[in-house]
Protein chains: 2
Amino acid sequence: MTKTNELLYPTKWLSKASTGDRVTSELRMRIISGMIESGTVLSENKLASDFAVSRSPIREALKVLASENIIRLERMGATVVGLTEKEYAEIYDVRILIETFVFERLVRVETTELVMELSKILEMMKVAIKYQDADEFSYQDVLFHETIIRAIDHSYILMIWDNLKPVMESLILLSMRSRFKEKYEDFSRIINNHQLYIDAIETKDRELMVKSLHQNFDDVQEKVEDLWRSQQLLSKGVEQQND
Amino acid sequence: MTKTNELLYPTKWLSKASTGDRVTSELRMRIISGMIESGTVLSENKLASDFAVSRSPIREALKVLASENIIRLERMGATVVGLTEKEYAEIYDVRILIETFVFERLVRVETTELVMELSKILEMMKVAIKYQDADEFSYQDVLFHETIIRAIDHSYILMIWDNLKPVMESLILLSMRSRFKEKYEDFSRIINNHQLYIDAIETKDRELMVKSLHQNFDDVQEKVEDLWRSQQLLSKGVEQQND
DNA sequence: TTTATAATACTTGTATACAAGTATTCTCGT
DNA sequence: ACGAGAATACTTGTATACAAGTATTATAAA
């Protein structure tokens with residue numbers, strides 16, 4: 001067996017989490033990073049002994065991951081679906097869909113408080129860049145979008161986000177970690193895009209909103225390309241371990 | 001305790017379902033019908049003894065219902081959220097959102113097979129009306145929309161539907177049951193609306209699509225009003241049982 | 001009567017046990 | 001060598017057991 005002791009998911013984010021949550025997050029990261037390959041059949045019993053826990057938290061994790069569409073629960077075993085380019089495109093379809101909806105609602109509403117909150121998060125992101133903390137940056141990046149979505153107080157839009165968020169979070173984590181190593185200069189552009197986003201909300205300029213949304217989308221497209229690179233690096237690394 | 005032996009969810013739909021699924025469906029119906037009132041705190045142990053099953057399937061059910069936003073999992077006990085008018089509006093926001101998206105995709109695609117399939121389902125619905133089978137009608141109604149959504153083969157849009165479907169299904173079931181008793185004449189209009197829907201897809205007429213979508217939306221609004229009536233009837237019925 | 005504290009009852013999350021079902025493998029008769 | 005069927009190993013879903021934590025209640029001291 002290859003060395004899999006190192007956890008991909010930030011341990012500090014799990015301080016109060018249950019075993020089930022830990023397994024869920026870690027498993028998700030391993031699947032999305034490509035460490036567990038697409039097509040692999042997961043067995044509850046095997047996972048339980050691998051993670052040295054009982055089947056209860058494993059079952060819980062598999063249910064969650066199935067609802068996120070990254071595994072498929074079948075009669076015998078759970079098959080890893082993983083994320084192909086098709087799925088990446090689909091995830092961003094949904095992101096554009098719900099963020100456009102949210103924007104449309106925000107136009108009708110007082111947003112000064114939201115803008116304040118977003119500015120704070122943006123400052124946090126800058127600090128994270130300064131100290132090269134990829135995980136913290138990712139956390140704030142996800143929080144940025146979640147804050148916007150929460151602002152319209154729409155439980156069923158939030159439901160969609162809740163389903164999308166964990167996968168988004170994993171993608172962003174993996175992408176940012178590799179970018180901090182290789183494409184550090186990207187971050188000023190990311191910050192600019194987020195600032196544009198805030199401006200759009202502040203001025204309630206629908207046109208600017210659409211523009212910034214799509215710029216963010218394009219930016220995210222690049223993130224995905226980065227992810228492909230990091231997947232390749234990772235699988236190369238695993239191969240090297242087998243030498 | 002009031003008489004709760006009768007199951008709200010159609011037993012025949014659960015022929016191959018696990019205990020967990022049965023509990024989930026039944027609990028959902030009881031919450032959405034108003035039989036279990038909003039604000040009620042559900043205890044795993046109490047539910048387990050009420051349903052005469054262990055905590056395992058109950059836990060499973062509560063997790064699912066929480067992800068559907070009809071209960072809230074808290075430190076101690078699960079609080080029933082239920083559906084206020086706000087949530088009804090939000091559910092249909094999301095329905096409009098995804099069905100519009102789906103329509104947009106269908107315009108670019110071969111739809112003859114889909115139209116055939118939908119026509120078949122519509123025939124089924126007519127038969128269900130003829131024999132006054134509210135449950136069968138509801139089943140076909142839900143299937144109609146699911147078939148359209150599945151046609152674009154988009155796993156993340158399908159994910160949204162998967163989360164929305166159970167609640168939709170429950171709403172439609174309750175509404176149709178009361179309509180078959182009281183507003184039988186409604187059904188010809190419902191059938192017409194669905195036919196319009198099919199025509200829109202067939203002719204790829206975007207304008208007609210939007211029109212039929214909103215007609216269907218308006219129709220569904222009425223369903224909700226019916227639901228309120230049926231909730232009131234139901235709660236009156238419960239009160240009468242206490243006499 | 002009020003307030004601290006101890007006892008009790010209930011809660012969640014995890015582990016383990018078991019039943020029923022489904023693949024896989026093995027063995028035996030042809 | 002090959003196919004039928006038995007034996008075996010694995011699967012899921014449910015029940016039960018247990019540990020650790022949290023509310024509630026009861027008791028006792030001020």
Side-chain angles (χ1 to χ4, degrees), chain A residues 1 7 9 11-28 30-31 36-37 39-81 162 166, chain B residues 1 7 9 11-28 30-31 36-37 39-81 162 166:
Chain A
M1 204 178 102
L7 298 175
Y9 196 80
T11 328
K12 62 183 295 193
W13 294 2
L14 295 167
S15 58
K16 284 202 169 181
S18 67
T19 310
D21 292 337
R22 288 165 203 274
V23 171
T24 308
S25 300
E26 187 57 27
L27 218 43
R28 187 189 295 115
R30 291 190 189 178
I31 291 171
I36 299 176
E37 277 169 36
T40 311
V41 175
L42 302 173
S43 148
E44 287 183 8
N45 287 313
K46 187 165 182 314
L47 286 174
S49 69
D50 282 0
F51 280 94
V53 297
S54 79
R55 269 179 58 220
S56 308
I58 300 289
R59 279 179 73 78
E60 194 184 309
L62 294 184
K63 284 263 165 64
V64 173
L65 298 180
S67 84
E68 290 168 10
N69 262 324
I70 60 178
I71 67 172
R72 226 185 6 248
L73 256 37
E74 278 153 353
R75 263 173 299 164
M76 310 219 97
T79 304
V80 174
V81 175
D162 286 339
Chain B
M1 207 176 100
L7 298 175
Y9 196 81
T11 326
K12 63 183 294 193
W13 295 2
L14 295 168
S15 57
K16 284 202 169 182
S18 66
T19 311
D21 293 337
R22 287 164 204 274
V23 171
T24 308
S25 301
E26 186 57 27
L27 218 41
R28 187 189 294 113
R30 292 192 189 177
I31 290 171
I36 300 176
E37 278 169 36
T40 311
V41 175
L42 301 173
S43 149
E44 286 183 8
N45 287 313
K46 188 165 181 313
L47 286 173
S49 69
D50 283 359
F51 280 93
V53 297
S54 80
R55 270 178 58 218
S56 307
I58 300 288
R59 279 179 73 77
E60 195 185 309
L62 294 184
K63 283 264 164 63
V64 173
L65 298 180
S67 85
E68 290 169 11
N69 262 326
I70 60 180
I71 66 172
R72 226 185 7 247
L73 255 39
E74 281 153 350
R75 262 172 299 166
M76 310 219 99
T79 305
V80 174
V81 174
D162 285 339

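On a predicted model such as this, the values are computed, not experimentally measured, just so you know. Throughout, protein chains are lettered first and strands after them, A, B, ... in sequence-line order, and every chain is numbered starting at 1.
You can see that DNA chain C meets the heavy atoms of chain B within a 4.0 Å-exclusive cut from dT11(C) to dT14(C), reading 5' to 3'.
Legend: residues meeting side-chain contact (heavy atoms from CB on, under 4.5 Å) with S56(B), ordered by chain and number and at least two apart, are S54(B). Residues passing the side-chain contact (heavy atoms from CB on, under 4.5 Å) test with S43(A) are N45(A), K46(A), sequence neighbours excluded. E60(B) meets the side chain to side chain donor-acceptor pair (under 3.5 Å) test with no other residue; sequence neighbours excluded.
Taking CG from L14(B) and OG1 from T24(B), the interatomic distance works out to 9.5 Å, rounded to the nearest 0.5 Å. L62(A) CG to I70(A) CD1: the interatomic distance, rounded to the nearest 0.5 Å, is 10.5 Å. Separating the CG atom in L65(A) from the CG atom in L42(A) is a distance of 8.5 Å, to the nearest 0.5 Å.
Under the 4.5 Å side-chain criterion, counting only non-hydrogen atoms from C-beta, K63(B) is not in contact with V64(A).
Sequence neighbours left out, not one pair with a member in residues 14-24 of chain A passes salt bridge (Lys or Arg N to Asp or Glu O under 4.0 Å).
Residues from residues 51-61 of chain A placing a heavy atom under 4.0 Å of any atom in DNA chain C, listed by number, are V53(A), S54(A), R55(A), S56(A), P57(A), E60(A).
Residue S43(B) is the one, among S18(A) and S43(B), whose nearest nucleotide of DNA chain C lies closer to the 5' end (criterion: closest heavy atom).
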